[in-house]
Number of protein chains: 2
Amino acid sequence: MTLNGAAGGNDKGKRVAAMDGKTKNRPLTPPPDGGRPTLKTIAFMTGLGITTVSRALKDAPDIGAETKERVRLVAKQIGYQPNRAGVRLRTGKTNVISLVLTLEEEIMGITSPMVVGITEVLAGTPYHLVVTPYSATKDALAPIRYILDTGAADGVIISRTEPHDPRVALLTERGLPFVTHGRTEMGVVHPYHDFDNERFAYEAVRELVERGRKRLVLLEPPPHLTFYSHMRAGFERGLRDFHADAVSFHHINIDHTLVEIRDAFETLMRADDAPDGIVSGSGSGAIALIAGLEAAKKTLGKDADMVSKVPSDFLRWLRPEVVTMYEDIRVAGRELAKAVIGHIDGQQSETLQSLSQPELQAAVPVSIKR
Amino acid sequence: MTLNGAAGGNDKGKRVAAMDGKTKNRPLTPPPDGGRPTLKTIAFMTGLGITTVSRALKDAPDIGAETKERVRLVAKQIGYQPNRAGVRLRTGKTNVISLVLTLEEEIMGITSPMVVGITEVLAGTPYHLVVTPYSATKDALAPIRYILDTGAADGVIISRTEPHDPRVALLTERGLPFVTHGRTEMGVVHPYHDFDNERFAYEAVRELVERGRKRLVLLEPPPHLTFYSHMRAGFERGLRDFHADAVSFHHINIDHTLVEIRDAFETLMRADDAPDGIVSGSGSGAIALIAGLEAAKKTLGKDADMVSKVPSDFLRWLRPEVVTMYEDIRVAGRELAKAVIGHIDGQQSETLQSLSQPELQAAVPVSIKR
DNA sequence: CAGCGGAACTGTATCGTTACAGATTTACCC
DNA sequence: GGGTAAATCTGTAACGATACAGTTCCGCTG
């Protein structure tokens, strides 16, 4: 291999551009070392122009096959990684996915496994996960506006959807890719992942009726959230199909504090028409219900049975008499991440919708026999 | 107010720079609207140079008081927010704090309240929180190297520290601000926040001995983590001071699965020299211990008492007979965030160290009297 | 051999910001 | 009046990447 001039060699007889000394695209000076490599570094090492290197790394059609190979090799050797700020400034692409969370969303820690699931998927991509919180007591639109106004992310993940969700309307209108954890009812087709709460409640009723329970109560989500109606619908369909009655508990929902839930439920359980079957829409809520039931001097499994949706397996360890249906939040996180990326990549929203089914949690495995 | 030329007015008789038409710093054309405002927008509106606007917003000493006022007013009116990519490219400042997490760190969801605590503090700053995961089974240094190599963050939060932690060594050597959740023993002074596990174990022993327990067992952290020795030290100091004996359970620690812990503990509880007092270093571990104890046909509160460290209040709702000491992870998140920012701002590391004390959790409040 | 098309590569301008080195004006002094 | 310092403002270049509009050279055609 021959070397022609200061620039790197090229022994295939190709012409070498004139070096008039005023070029900036063909770096003649080695980049100051110590810093991380840039396109300039590779350009210097290969003797190519910065533009060529950039295009070679993108596999552009107007770059020679051998050149691409050389560039890729050098880039890999020196561990080149594109400067995110440079890309972002020039192209607007942030390579950021924003997870928008309520600060209050913290009961029973739904966030942890979700973040894990999301990052598992993002690990194989150039995307970073940025957590953008908001106070539920304030404006849920604020973080969305911030992201839109500052171009802070390429995609957004939101949860706690409402049937007519202003965040979904805004994001759709402004064309920013997003995915929701939960569905909407706005006639807008958008990516989502959801847990089948209708099915959950229906199966819960079936389970309770099979255990001989007839007077059922539901600890439901707050009415403004979409999955409220899903869960209620499943509950009521179950009541009809399996011939059971509902006991009213509408003044309390899973967003109430544990103490509130317990106190209200204790009152209910002391009433003459106390329920004998309980469907709990949340794992932490279930704990408060159990406490209320026991405060009313009733016994779980005897005076009443309970089916609860749970995000972990604590309840089944501590109260195996509760029937638990597992909602895998980690999987949800994975699905959500895949869906936003799909949306960013221009896939059809219809293909980015998924529903996960409740799984009846098996009993804790018993290892030691006696 | 008079207007001189296309540029905004200035009626105090100050000179107006010659407009030779080739300037780029004094924008003569309105910025393309629809986009978000930049310094150029403000420069156009005020008739000032871009540089002046930039310096005015930073309150630089060489800008007139009235000019600053005008610039600030316009900036506020049009909702100017600096472009992060521009700043980052030019200055290297990312305005990012990176939370480095193990994907496996998920038992009992320590992450949720931590993320909430951190974002609560960051909300009042220009910092964003980026979650950077790694697989504990692989190289814990990988994410640190990534951040260092790509300049991905201004500050880093790490947890699960070891006495000689290579991450701390690397970050210190490379001068990137960080804070650890947990201490180290390397002779390196660095910001940290930690829970006083020594005190926790000591007080736990006191509590158990006061309840008449004499043969105590500790469910400890894995030995390679720093707080292992803290907790052990507190436990042993307690044994000495309060005259109790230790029952060995060293082959199991809080990183084992719940099933492993339960099975091992069941075996232990069936032995002749079974313990009568239990100190659990983790809330989820406590659940497995309870299960093991009950599998061995023993009763909590009768055959043995337990004190556990917990990050939430489930255990006290479901098993009020367990004495729980609360570790407030949300507060930890806040402290960690404050400490990294302090470190970034150049505060002395010594002043950025804090230790939170275990609080004996009060019983669940009883509201309904009968 | 002029002309032309295509392959392969390159220069320039630009995104938004800031460091740095001027530039202009005014005030003031001898 | 000339010189100087202080106050205030401005232009240019640069950070790293990319879009776009060339440029160079080759082979081929008529």
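Per chain, numbering begins at 1; letters A, B, ... match sequence-line order. Scope of the values below: all heavy atoms of this structure, side chains included, with no hydrogens, waters or symmetry mates.
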Checklist entry - Are B/H343 and B/H190 close enough, and set up right, to give a side-chain contact (heavy atoms from CB on, under 4.5 Å), and what steps lead you there? => result CA-CA 9 Å; B/H343 199 179; B/H190 62 81; 5.6 Å; no
Item to check | Any donor-acceptor N/O pair under 3.5 Å between C/dT17 base and B/R90 side chain | outcome: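 No.
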Would you mind reading off the distance between [X] atom [atom1] and [N] atom [atom2], rounded to a whole angstrom?
X	N	atom1	atom2	value
A/K68	C/dA7	NZ	P	12 Å
B/N83	D/dC15	CG	C1'	13 Å
A/N25	C/dT12	CG	P	8 Å
A/K40	D/dT18	NZ	C1'	16 Å
B/L89	C/dT14	CG	C1'	12 Å
A/I42	D/dG16	CD1	P	13 Å
A/L48	D/dT24	CG	C1'	15 Å
B/R88	C/dC15	CZ	C1'	15 Å

Checklist entry - When we call it a touch if two heavy atoms are under 4.0 Å apart, what does A/T91 touch: a base, just sugar-phosphate, or nothing? => result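 The answer is sugar-phosphate, as A/T91 gets under 4.0 Å only of primed atoms, P, OP1 or OP2.
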Next on the checklist: What's B/T52 touching, base or sugar-phosphate or nothing? Going by heavy atoms closer than 4.0 Å.
Outcome noted: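 Base contact.
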Checklist entry - Do A/D149 and A/R174 sit within salt-bridge range, that is, some charged N less than 4.0 Å from a carboxylate O? => result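 A salt bridge links A/D149 with A/R174.
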Which of these nucleotides, [options], is closest to any side-chain atom of [X]?
X	options	answer
B/R55	D/dT10, D/dT18, C/dG11	D/dT10
B/T67	D/dT10, D/dC9, C/dT18	D/dC9
A/S54	D/dT10, D/dA17, D/dT18	D/dT18

Next on the checklist: Would B/Y80 and B/T41 count as a side-chain contact (heavy atoms from CB on, under 4.5 Å) here? Give the steps.
Outcome noted: CA-CA 9 Å; B/Y80 168 75; B/T41 315; over 6 Å; no
Checklist entry - Starting at the 5' end of DNA chain C, which residue's closest nucleotide do you reach first, B/L39 or A/G49? => result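 On the 5' side of the pair lies A/G49.
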Next on the checklist: Quick check: on DNA chain D, is the nucleotide nearest A/P82 upstream (toward 5') of the one nearest B/D62, or the reverse? Name the residue that is more 5'.
Outcome noted: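 The residue mapped nearer the 5' terminus is B/D62.
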Checklist entry - Using the ring of each side chain (for Trp, its six-membered ring), is B/Y146 parallel, tilted or perpendicular to A/H128, with breaks at 30° and 60°? => result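 Geometry flag for A/H128 against B/Y146: perpendicular rings.
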Item to check | Side-chain heavy atoms of B/T94 within contact of A/R84, under 4.5 Å | outcome: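 No, every pair of side-chain atoms sits at 4.5 Å or beyond.
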